[in-house]
Amino acid sequence: YAATLLRVAWVIVDGAGEVIKEHSALLQLPPSGRPQVSADALALHGIHETFLRQHGLPAKPELSRLRSVLLAAHACRVPVVLHHKGAHVAQITATALAHGLPPGHAPFAPPMASTGVCMMEAGKRRCGLLDAAGRPKMPTRLELAETLFRDEPPAWLAEFGRRRAGELGVPPNEALGDATVTARCFVRGVELGWWDAEGK
């Protein structure tokens with residue numbers, strides 16, 4: 001099964017990539033006997049299991065709220081953007097099932113099942129990055145941001161790179177910051193003509 005999530009985070013940005021609304025929530029661990037978060041994931045995010053038990057929020061309401069946001073975006077033809085669509089949808093779905101949310105009520109249940117822009121796929125087509133064998137590779141979130149903003153690097157990009165490198169004394173993975181960078185990369189790609197407003 002896919003790993004379950006520690007935190008759910010999403011942002012809504014305007015056409016200039018400025019955040020209009022944002023939300024992030026630390027989730028309670030799944031009930032006993034259901035898929036659990038790995039120790040490696042806990043360490044990567046700098047979170048201890050005891051902290052999750054004390055401060056995590058019930059997952060069902062948070063995932064239901066995420067589904068409401070996704071359905072509203074779908075109804076308004078606002079693109080839903082994920083960095084690694086396949087992995088993120090699988091993790092969100094696994095988390096919903098692990099916490100007992102009915103399959104039809106998971107965030108990416110129909111009509112959302114086929115929606116969403118994968119920035120790794122879009123970036124692979126446009127970034128020109130190659131793997132060790134000389135083949136086009138999917139960019140990391142940092143590689144995508146550095147490529148898109150290479151002509152006009154914003155101040156937040158340097159801080160994001162330092163966090164990813166572990167230079168800020170905080171965990172390298174921070175869901176809300178990652179979601180914001182992904183959204184800004186999508187908007188920047190539209191500005192540069194790399195893809196249209198639907199990510200195509």
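These figures come from a predicted structure and were not determined experimentally. The figures that follow rest on heavy atoms only: side chains count, while hydrogens, waters and symmetry mates do not.
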Checklist entry - Is a side-chain N or O of T182 found less than 3.5 angstrom from the main chain of L82, in a donor-acceptor match? => result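 Such a contact is absent between T182 side chain and L82 backbone.
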Non-hydrogen atoms of [X] and [Y] that approach each other most closely:
| X | Y | answer |
| --- | --- | --- |
| P79 | A197 | CG-O, 3.2 Å |
| G17 | V187 | N-CG1, 3.7 Å |
| A145 | V181 | CB-CG1, 4.1 Å |
| L101 | P107 | CD2-CD, 4.5 Å |
| R7 | A25 | CG-O, 3.1 Å |
| P103 | L97 | CG-CD2, 3.9 Å |

Working to the nearest 0.5 Å, report the span between [atom1] of [X] and [atom2] of [Y].
| X | Y | atom1 | atom2 | result |
| --- | --- | --- | --- | --- |
| R77 | T115 | CZ | OG1 | 12.0 Å |
| H55 | L26 | NE2 | CG | 9.0 Å |
| H83 | C185 | NE2 | SG | 8.5 Å |
| L66 | L71 | CG | CG | 9.5 Å |
| L176 | E22 | CG | CD | 4.5 Å |
| L63 | L27 | CG | CG | 6.0 Å |

ILVMFWY network linking [X] to [Y], side-chain heavy atoms under 4.5 angstrom:
| X | Y | value |
| --- | --- | --- |
| M120 | L148 | no |
| L157 | L129 | no |
| M119 | V78 | no |
| M112 | I12 | yes |
| W10 | F108 | yes |

TODO: Check step by step if side-chain contact (heavy atoms from CB on, under 4.5 Å) holds for V80 and V117.
DONE: CA-CA 6 Å; V80 173; V117 178; over 6 Å; no
- May I ask you to list the residues sharing a hydrophobic cluster with L130, side-chain cutoff 4.5 Å, ordered by chain and number?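 Listed partners: none, L130 stands alone.
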What I'd like to find out is whether the side chain of [X] reaches to under 4.5 Å of the side chain of [Y], using heavy atoms alone.
| X | Y | value |
| --- | --- | --- |
| T180 | V19 | yes |
| W194 | T147 | yes |
| K124 | P136 | yes |
| R53 | Q28 | no |
| I20 | V13 | no |
| H105 | S64 | no |

*asked:* Can you tell whether the side chains of E62 and R67 come within less than 4.0 Å, N to carboxylate O?
replied: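 Looking at R67 together with E62, the answer is no, because their closest N to O distance does not fall below 4.0 Å.
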- Considering only NZ, NE, NH1 and NH2 on the basic side and carboxylate oxygens on the acidic side, decide whether E191 and R188 come within less than 4.0 Å.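 Between R188 and E191 there is a salt bridge, with a charged N closer than 4.0 Å to a carboxylate O.
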Notebook entry, point to check: Does the separation of the ring centres of F149 and W156 fall below 6.0 angstrom?
Noted result: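 Yes, they do, as the ring centres are separated by less than 6.0 Å.
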Would you say the side chains of R141 and H84 form a donor-acceptor pair under 3.5 Å?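 Checked: R141/H84 side chains show no N/O donor-acceptor pair below 3.5 Å.
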*Inter- and intrachain pairs under side-chain hydrogen bond (donor to acceptor under 3.5 Å, both in side chains), touching residues 125-137, at least two apart*: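 Found D131-R135, K137-E143.
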T140 vs L144, side-chain contact (heavy atoms from CB on, under 4.5 Å): CA-CA, chis, key distance, verdict: CA-CA 6 Å; T140 64; L144 180 61; over 6 Å; no
